[in-house]
Every structure is written in structure tokens, then in C-alpha cells.
Amino acid sequence: MTGANDDSSGSDDTGPREDHQAFWADAVADEIEARNPDEPITIKGGVSPSGVPHIGHLNEIMRGYFVAQALRDRGHAVEQVFTSDDKDRLRKMPRTLASLDWEIVGLDEVDAGALGENLGKPLTDVPDPFGCCSSFGAHQTELLRKSAEAMGVPIEIVSNTQLYAEGAFESVTRTVLERRERAREILADYQEKVDDSYVPFSPQCEACGHLTETVTAIDLNSETVDYVCESVEAGNRIIEGCGHEGTATLREGKLPWRFEWPAQWRVLGVDFEPFGKDHAEGSWPSGEEICRELLDTEPPVPMVYEWFTYNGSALSSSSGHVITVDEVLSVLEPEVFRYFFTKDPGRARDFDVRQLDQLVDEFDRFESVCFDRVDATDRERAVAERAYPMVVDSVREERIRIPYTFAAVLGMTDDEALRASMARRSGHLPDDAPEWVVEDALARVENARTWAVRTDNEYNYRLAESLPEISVSASEAAALDSLADLIEREHPDGETLQQQIYDTAREHGIEVGDFFELGYRLFLDQPQGPRLGPFLAAMDRAFVTGRLRRE
RNA sequence: GGGCUGGUAGCUCAGUCCGGCAGAGCGUCUGGCUUUUAACCAGAUGGCCGGGGGUUCAAGUCCCUCCCAGCCCGCCA
């Protein structure tokens, strides 16, 4: 169905605060619907692709995604686009870069000169320092595309450079130049340094390729501007101009950001756009006014999102304190990370790798709430039922989750059959679980294992492949042998075995604590570990008895 | 200097729009055999809701103000 709500004005009389939406994306969807937008409804995001794309940038995609899904669920056709603002000038050297395989490298490992010699040019005119893409901008855009793909979000990526090149911005640019007096007036309310000489267009110098700011003449008949390539200030530094005097068409240059953003809204027909708090007080209010006053277009429904921090401090492409989508997905299932973005965008949030188990536990609860397996408030249930289907690839109630920390423990072995049998014997997987359930449940093990290794936390065990070098006393040897016999004879369950370990230690006059440590050394080559009884009971019996006998 | 956003239990977060007993999970503690062991179960513990003031029968929620963090505009460079 298309074109919902057309002119049925009678049904719109209910006030906007009529029913409070539990899930934020539905509140946004309400706002968008209230405007009766043309279909497909267009949701946009975008970034200037200059540094290593990190999880903060993903807000531009994920926040829109949930709104898009909420609208689609209501029967609307929705298109989610993402502009790579790749006509932006390269202003400074990034400290780190990412290869297309997400390897983070320093400038010394790439052709840094490709960047350094081209400061001031549009990102798409800067060579790729990795040499693998047609430009630095293209390289960066490719990383963004991969991020969205990895998150399973279908978006159309639009190159800003491309939009200029094909003339999509031409008429808007013309309008802005025609009405530059008004443009100045508006912008001057937001930016003090806008003076009479300000021209809302930056031509690209035909000689050196820099984006320049000194426009000397505007000819709207021929749709060209004359310029002098003078030095410009960018990113707290001066970028030298070449002094060339030339003429540029409206496709050969770019609008300043404050105008470019509203121009995108108009050209792409944007109905909704989320943006970070950096824009909330700057480009949004000016953009809103520019859009209405200058471009005669209604601006999109806005949404400000708070920034994430990473391990407690600000994410920063330039300083290199980043975590990429690729890294996150090496420790989290995509649905868990998608869940992270269902949380209130207005709240500042830390992505703390050391505490990822909490996030995963939260997700597991979220899933359980959706399927009504645990107690929850009405609100929590409403959010879960609404957002959960947008988070998973498919809603399958039979799915089983192994707790993240236990999954990390299962990572002690690479033997997948052993992982499965340990999960079964420990009660986390029913014996009759279908193949796909087992496979799904165990998929988490690799993630959790990577996490445990990366943070080197208390779940970072490794099953000792071969017999560790340990010396045992005569009484300890006897105790271990006797425990092995017991296991062979009685096949005890975990709790029984736990008890038998205590009993055996005492029977042989060994300190209980010492005996446990001996057990951990034997199997993990560490002095501590998980509850020994259940742990040993979960493993292959012959292996356990053999190891106890120090074979 | 002006403004915007955030600040809720040890941790991660709901609840704030629209005032009605301060919540969840995790952690911690205790118990579950005579037993320290990270995957079990039960119970308990946990809060000046950033501070202060105001409105109200009633404030985490509304108003004012201050503090802290981040950001925007300006100023400076």
C-alpha cells in the first residue's frame, strides 16, 4: 500500500501527544507521518569520509534504519540514503587509516604523501594512500558501505561529488547565488564572520585543484563564477592557494556545508535525518532557515543523537581512538550490536568493551521479554515486541542463547563437537535441539572467545591440549587416580562430581584448595577456573580420566 | 561570554515528554552438606534520581539556580 493518510483530514484530529510511543523510532515515525510525505519516504544520513569510520558514524545509518523499519511496518515505502560528503576538502592529516580489510595503520605504513600533498582538494580528488581505490574519498566511502552491509542495513550510498558532477545541485546553487544577499543575512545570524564579501560557493581551482573561497565575479547568465585561488584557513591551518585566476561552472566547486546540507534535503527530498549533537546548535538551525527561506523547501524531521564514548573517552578519528564496526562484529553478533542502537538516542552512552557481557545479557533479556519468557514492565515489553523484529534477521522463538560469559568459557577449546557437548551437558542446550539452533547458539562462542582474549579477562581460559608439566606428590597421585576411577565407574553429573572432588581430597589427606588448584593446573594450566565438577562432567569422559591419570 | 544535550544503585541501563510507593539485570553479601573456586538455585543488600531553591496534596519527572561532562556560536590565537 502506498500514499497512506492522503487527504483524510478528519482522522488527523487526534493530538500529536495522543498516544505515547514506547519505542523512540515510532515517535519519530508519527512525526513523519503527520506531514503526509510523498512516497517513497526518504531517510538520510551522511558523513564527511575523512577519518577511520567508527561506531559513532553508524548512528547516521542505524538511527535512520529503525525509523525506516517503523514506517515500513506501517505500510509505507521507504528509501534510506546515505550521502558520503566526499566533495569536502581534505583539511588535515588523519593520524590513522583503515585498509579495506579494516586493518588500522599509521601514516608510515601508507603513501602519506598522497594525502599531505593534496590538502585542500576534495576527498575524491586525493589519491588513495593505499592505492586500491580511485581516490581517498572512494576508499573511505567503501569502508562506510562495508559498515552498513555488515550491519545488514540496506542503504543507497550517494556520492556528493557525483551529485555535483551530474549537476544535481546546479539549480540549488544557482538559487543560492541569485539570492546571496539573503543567504548572507540568514547565515550572519548564526556565524559572525559572514561579511559582505561572503559568497556561498567555493569554486575548485582549475590549476591546483583546491577548493577556494575568493570569488571575484558571479555571472548567472552563463552560470559561472570567477575566482582567485587564495590561501584558505581550514582546520586551524592555512592551506596555500596557487594564485591562479580562473572561471568555474556551478558544477566545478561546492556549496559551503551550511548550504550544502539543506541543498541535499531539497535535491534528495529528505523527510527525516538524524544528526549528532555537534550540528544541533550550528548547522541545523541555520539549515532549517535556509531550507525554508532560501530554497522554499520544508526541512526534514530532525533528530539529535548524543555521542558515544568508547571505553570511557570520546571517539576520535583524528586521534585514532576508534573502534570500527568490523572490530565490534568480531566480538558481538550483529543483532546484539543492532540492539545497542535501539536505545534512546538522546542519551550519552559508553561502549565499554570490558563490559560487553552486560550488553549481551541485556540483549538476551530483551529477546526473552519479547517472547514473554521473563517478567517485565509493560513498557519494556512494548519496546521489545516492537524493536526485536527489527533487530534480528528472522524471528524464531525456538532460538536458544548461551550466556556470553559461558560462551567465552566454551572458547577454551576449538573442538566444535566438544563445545556442543559441553553446552549440552551443562544444561545450556537441550539434547533434542535442532541443528540450526545448536549452530546459532554456538556462533556466539567465537565472538565471546575473541572478546575474552582481547580483554584478557577472567573468562580467557584455554584447555591445555597436552599434559602440563606438573609434579604431584604420592598422595595427590593416588587421589587423582581414585577420582579417575570414580568417574569411569559412576559417570557422575556435575554437582555429584563437585562433591566427589571434595571427598576425594579429604580421603587422601589433601587440602581441598590444593586439590582444586591441581585440577585447574591439569586441565587449564592455570591455578583457577570455573566450577570444577560441572566443568569436568561436561567434557569427554575418556579425556578427563586420561588427564587425571597424567597420561 | 551566550546557548544546547547529558548526569538515576558498585556496573550497564529503564522510568522524565504526560507529576502518583525508586525500578530491572548484573555485581556484592548470605544461604543452599561437614565444602573459597568465575557455568546452578534461593534470599538479602543496595539510592541526597549531580547540589540547592520553588510550584504542588504529591516532584526523578514541572519551574529557577548552581556544579560536572560533552558540544555549538562568539571571543582569543
Side-chain angles (χ1 to χ4, degrees), chain A residues 15-22 24 27 187-194 233 236 258 275-286 304-309 312-316 340 342-352 354-366 368-369 374-384 402-410 412 422-423 425-428 448 452 457-461 493-495 498-506 511-517 519-520 524 526-538:
Chain A
R17 48 177 61 180
E18 163 78 0
D19 56 338
H20 166 54
Q21 296 284 3
W24 59 266
L187 197 58
D189 286 345
Y190 299 91
Q191 285 189 318
E192 201 67 27
K193 50 175 144 175
V194 174
E233 190 185 325
N236 276 349
R258 295 273 180 147
F275 47 88
K277 62 176 180 174
D278 52 336
H279 291 317
E281 285 299 301
S283 15
W284 168 253
S286 66
V304 181
Y305 59 81
E306 265 284 342
W307 287 357
F308 296 147
T309 50
S313 53
L315 281 153
S316 167
F340 186 67
T342 65
K343 298 176 180 216
D344 184 359
R347 201 178 281 261
R349 228 165 275 281
D350 186 42
F351 189 83
D352 188 341
R354 288 156 302 199
Q355 303 195 117
L356 278 189
D357 54 319
Q358 291 201 26
L359 177 64
V360 180
D361 286 349
E362 252 185 69
F363 169 83
D364 289 351
R365 177 179 165 80
F366 171 69
S368 294
V369 167
V374 294
D375 289 337
T377 61
D378 290 346
R379 185 189 174 84
E380 197 181 359
R381 174 150 290 120
V383 173
I402 294 172
Y404 193 68
T405 52
F406 181 58
V409 172
L410 288 183
M412 71 170 71
M422 287 177 78
R425 295 201 207 184
S426 60
H428 286 99
N457 61 14
E458 66 264 45
Y459 305 101
N460 183 12
Y461 306 118
D493 64 23
E495 288 308 316
Q498 180 77 5
Q499 179 59 40
Q500 288 170 337
I501 295 169
Y502 283 106
D503 295 341
T504 305
R506 252 181 247 107
E511 280 291 323
V512 167
D514 292 345
F515 196 51
F516 270 96
E517 182 174 331
Y520 292 122
L524 301 172
Q526 282 184 36
Q528 295 188 339
R531 256 167 80 85
L532 199 53
F535 169 47
L536 296 186

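Residue numbers begin at 1 in each chain, while the letters A, B, ... track the order of the sequences.
Nucleotide B:U37 holds its C1' atom 13 Å from the OH atom of A:Tyr459, rounded to whole Å. Rounded to an integer number of Å, the gap from A:Tyr461 OH to B:U37 P is 13 Å. The separation between A:Leu315 atom CG and B:C71 atom P is 12 Å, rounded to whole Å. Going from atom CZ of A:Phe406 over to atom P of B:C40 covers 9 Å, rounded to whole Å. Distance A:Glu362 CD to B:C11 P: 15 Å, rounded to the nearest Å. In this structure, the CG atom of A:Asp514 is 11 Å from the P atom of B:U36, given to the nearest Å. In this entry the distance linking CZ of A:Phe340 with P of B:C13 reads 7 Å, nearest Å. What separates OH of A:Tyr305 from P of B:G70 is a distance of 19 Å, to the nearest Å.
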(request) I would like to know whether A:Asp378 and A:Arg381 meet salt bridge (Lys or Arg N to Asp or Glu O under 4.0 Å); could you show each step before the answer? (result) CA-CA 5 Å; A:Asp378 290 346; A:Arg381 174 150 290 120; 5.5 Å; no
(request) Start with the C-alpha gap between A:Tyr502 and A:Phe516, add the side-chain angles, then the distance that decides, and say whether ring-ring contact (aromatic ring centres under 6.0 Å, His included) holds. (result) CA-CA 8 Å; A:Tyr502 283 106; A:Phe516 270 96; 5.0 Å; yes
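Side-chain to base pairing of A:Glu306 with B:G70: no donor and acceptor N or O lie closer than 3.5 Å to each other.
Comparing A:Asp344 and A:Glu517 against RNA chain B, the residue whose closest nucleotide sits nearer the 5' end is A:Asp344. Residue whose closest nucleotide on RNA chain B sits further toward the 5' end, between A:Gln355 and A:Pro534: A:Gln355.
Judged by distance alone, the side chain of A:Arg425 and the main-chain N or O of A:Ala537 form a donor-acceptor pair under 3.5 Å. Checked by atom type and distance alone, the side chain of A:Arg258 pairs as donor or acceptor with a backbone atom of A:Gly282 at under 3.5 Å.
When every heavy atom of A:Trp24 is checked against every heavy atom of A:Lys343, the shortest pair comes out as NE1-O, 3.5 Å.
Comparing the P positions of B:G15 and B:C62 gives an interatomic distance of 13 Å, to the nearest angstrom. One P atom belongs to B:C33, the other to B:G50, and the distance between them is 43 Å to the nearest Å. B:G53 sits 45 Å from B:C41 when the P atoms are compared, rounded to a whole Å. One P atom belongs to B:C64, the other to B:U5, and the distance between them is 12 Å to the nearest Å. When the C1' atom is compared between B:C4 and B:A42, the two are found 48 Å apart, to the nearest whole Å. Using atom C1' as the reference point in both B:G20 and B:U56, the two lie 12 Å apart (nearest Å). Going from the C1' atom of B:A59 to that of B:G51 covers 16 Å, rounded to whole Å. Rounded to a whole angstrom, the distance from the C1' atom of B:U8 to that of B:G23 is 10 Å.
Listed nucleotides: B:A38, B:C33, B:C73. Nearest to the side chain of A:Gln191: B:C73. In this structure, the nucleotide among B:C33, B:G74, B:U37 sitting nearest to the side chain of A:Phe516 is B:U37. The side chain of A:Gln499 lies closest to B:C33, out of B:C33, B:U37, B:U12. Distances were taken from every side-chain heavy atom of A:Lys277 (C-beta onward) to each of B:G70, B:C73, B:C11; the shortest belongs to B:G70. Nearest to the side chain of A:Val512, among B:U36, B:U5, B:A14, sits B:U36. Candidate nucleotides B:U34, B:G6, B:G15 were compared by shortest atom distance to the side chain of A:Arg379, and B:G15 ranks first. Minimum atom distance to the side chain of A:Asp278 is reached by B:C71, of the listed B:C71, B:G6, B:U37. Minimum atom distance to the side chain of A:Glu281 is reached by B:G3, of the listed B:C13, B:G3, B:G25.
Using a 4.5 Å heavy-atom cutoff, the side chains of A:Tyr404 and A:Leu359 are not in contact. In this structure, the side chains of A:Asp344 and A:Arg349 come closer than 4.5 Å at one or more pairs of heavy atoms.
Remark: B:A44 base-pairs with B:U28. Criterion, Watson-Crick or G-U wobble with two distances under 3.5 Å. A 3.5 Å limit on both hydrogen-bonding distances identifies B:A69 as the Watson-Crick or G-U partner of B:U5. Base pairing of B:C18 is not made with any nucleotide, judged by Watson-Crick or G-U wobble geometry with both donor-acceptor distances under 3.5 Å. When both distances must be under 3.5 Å, the Watson-Crick or G-U wobble mate of B:A58 does not exist. Of the nucleotides present, none pairs with B:C33 by Watson-Crick or G-U wobble criteria with both distances under 3.5 Å.
In this pair, A:Trp284 and A:Phe275 present their aromatic rings parallel. The plane angle is below 30°, not in the 30 to 60° band.
A close approach under 4.0 Å does occur between a side-chain nitrogen or oxygen of A:Tyr502 and OP1 or OP2 of B:U37. Proximity of A:Arg347 to the phosphate of B:G7: a side-chain N or O atom is located under 4.0 Å from OP1 or OP2. Proximity of A:Arg349 to the phosphate of B:A69: no side-chain N or O atom is located under 4.0 Å from OP1 or OP2. The phosphate of B:G25 (OP1 or OP2) has no side-chain N or O of A:Arg365 nearer than 4.0 angstrom. Contact between the side-chain N/O atoms of A:Arg258 and the OP1/OP2 oxygens of B:C73 is found at a separation under 4.0 Å.
Nucleic acid contact for A:Gly282: sugar-phosphate only, since backbone atoms but no base atoms lie under 4.0 Å from a heavy atom of the residue. Residue A:Gly494 is out of contact with every strand shown, counting any heavy-atom pair closer than 4.0 Å.
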